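Single-structure report; data block below.
Source: prediction; values computed, not measured. We number each residue from 1, following the sequence as shown.
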Amino acid sequence: VGLVLPGYARHLIIQELNERGMKVDSSNPPTIQDMRDGLWSEVFVTSVIRLVVPVERIIMPATGANVNPLILWEAPNDEYRATRMIQSAMYQRGCSQATV
């Protein structure tokens with residue numbers, strides 16, 4: 001718990017972000033406190049099949065006497081700029097490598 005698996009899709013996404021000047025500090029992953037402090041602007045999940053998928057909200061399931069789930073975080077809008085930028089860059093990268 002608390003560890004991020006170093007998958008290939010994650011590697012590609014971090015490489016793309018670094019090339020665009022968006023530094024990723026893998027030794028200091030984001031925390032729930034960062035979320036509470038309003039430091040999260042966008043959240044995404046990496047996947048081998050879909051590469052990058054935007055997250056609309058993070059929900060804590062209902063437990064015990066608490067019958068309603070708790071929304072921990074919601075995307076401030078539905079633009080997903082970083083996710084779309086990454087998707088486009090990965091598509092372009094794939095197209096350029098396929099034509100070589």
Side-chain angles (χ1 to χ4, degrees):
V1 176
L3 299 176
V4 177
L5 296 174
Y8 185 65
R10 179 177 175 271
H11 165 77
L12 290 175
I13 302 306
I14 290 174
Q15 181 181 20
E16 185 64 38
L17 291 170
N18 286 335
E19 288 174 7
R20 293 175 176 267
M22 299 176 204
K23 298 300 175 197
V24 176
D25 182 0
S26 297
S27 66
N28 189 21
T31 65
I32 297 296
Q33 188 59 50
D34 293 340
M35 179 224 25
R36 289 181 179 138
D37 292 343
L39 299 177
W40 293 9
S41 59
E42 190 168 341
V43 176
F44 56 82
V45 176
T46 61
S47 156
V48 169
I49 296 188
R50 296 189 58 202
L51 285 179
V52 60
V53 180
V55 173
E56 185 176 317
R57 69 180 56 95
I58 298 174
I59 301 172
M60 180 182 293
T63 58
N66 190 5
V67 295
N68 295 319
L70 175 64
I71 296 174
L72 296 177
W73 180 85
E74 280 192 276
N77 55 51
D78 63 352
E79 293 179 21
Y80 307 112
R81 288 184 196 144
T83 303
R84 287 201 173 111
M85 178 270 303
I86 294 166
Q87 288 170 329
S88 176
M90 299 313 304
Y91 175 77
Q92 293 299 323
R93 183 181 291 206
C95 287
S96 68
Q97 290 179 359
T99 59
V100 173

Residues clustering with Leu51 (ILVMFWY side chains joined when closer than 4.5 Å, directly or via others): Tyr8, Leu12, Ile13, Ile14, Leu17, Met22, Val24, Phe44, Val52, Met85, Ile86, Met90
Side-chain touch Ile58/Trp40, heavy atoms, less than 4.5 angstrom: yes
Same apolar cluster (I L V M F W Y, side chains within < 4.5 Å links), Val53/Val55: no
Taking every non-hydrogen atom, the tightest pair across Pro69 and Ile59: CB-CG2, 3.5 Å
Backbone N/O of Asp34 and side chain of Asp37: donor-acceptor pair under 3.5 Å: no
Connected hydrophobic set around Val67, excluding itself, where side chains approach under 4.5 Å: none
All salt bridge (charged side-chain N to carboxylate O under 4.0 Å, His left out) counterparts of Arg84, not counting sequence neighbours: none
CG on Leu72 to CE on Met60, rounded to 0.5 Å: 4.5 Å
Glu56: salt bridge (charged side-chain N to carboxylate O under 4.0 Å, His left out) partners, not counting sequence neighbours: none
Euclidean distance, Gln33 CD relative to Leu39 CG, rounded to 0.5 Å: 9.0 Å
Residues forming a salt bridge (charged side-chain N to carboxylate O under 4.0 Å, His left out) with Glu42, sequence neighbours excluded: none
Salt bridge (charged side-chain N to carboxylate O under 4.0 Å, His left out) partners for Arg36, two or more places apart: none
Single-linkage hydrophobic cluster, 4.5 Å side-chain cutoff, Met35 and Tyr80 together: no
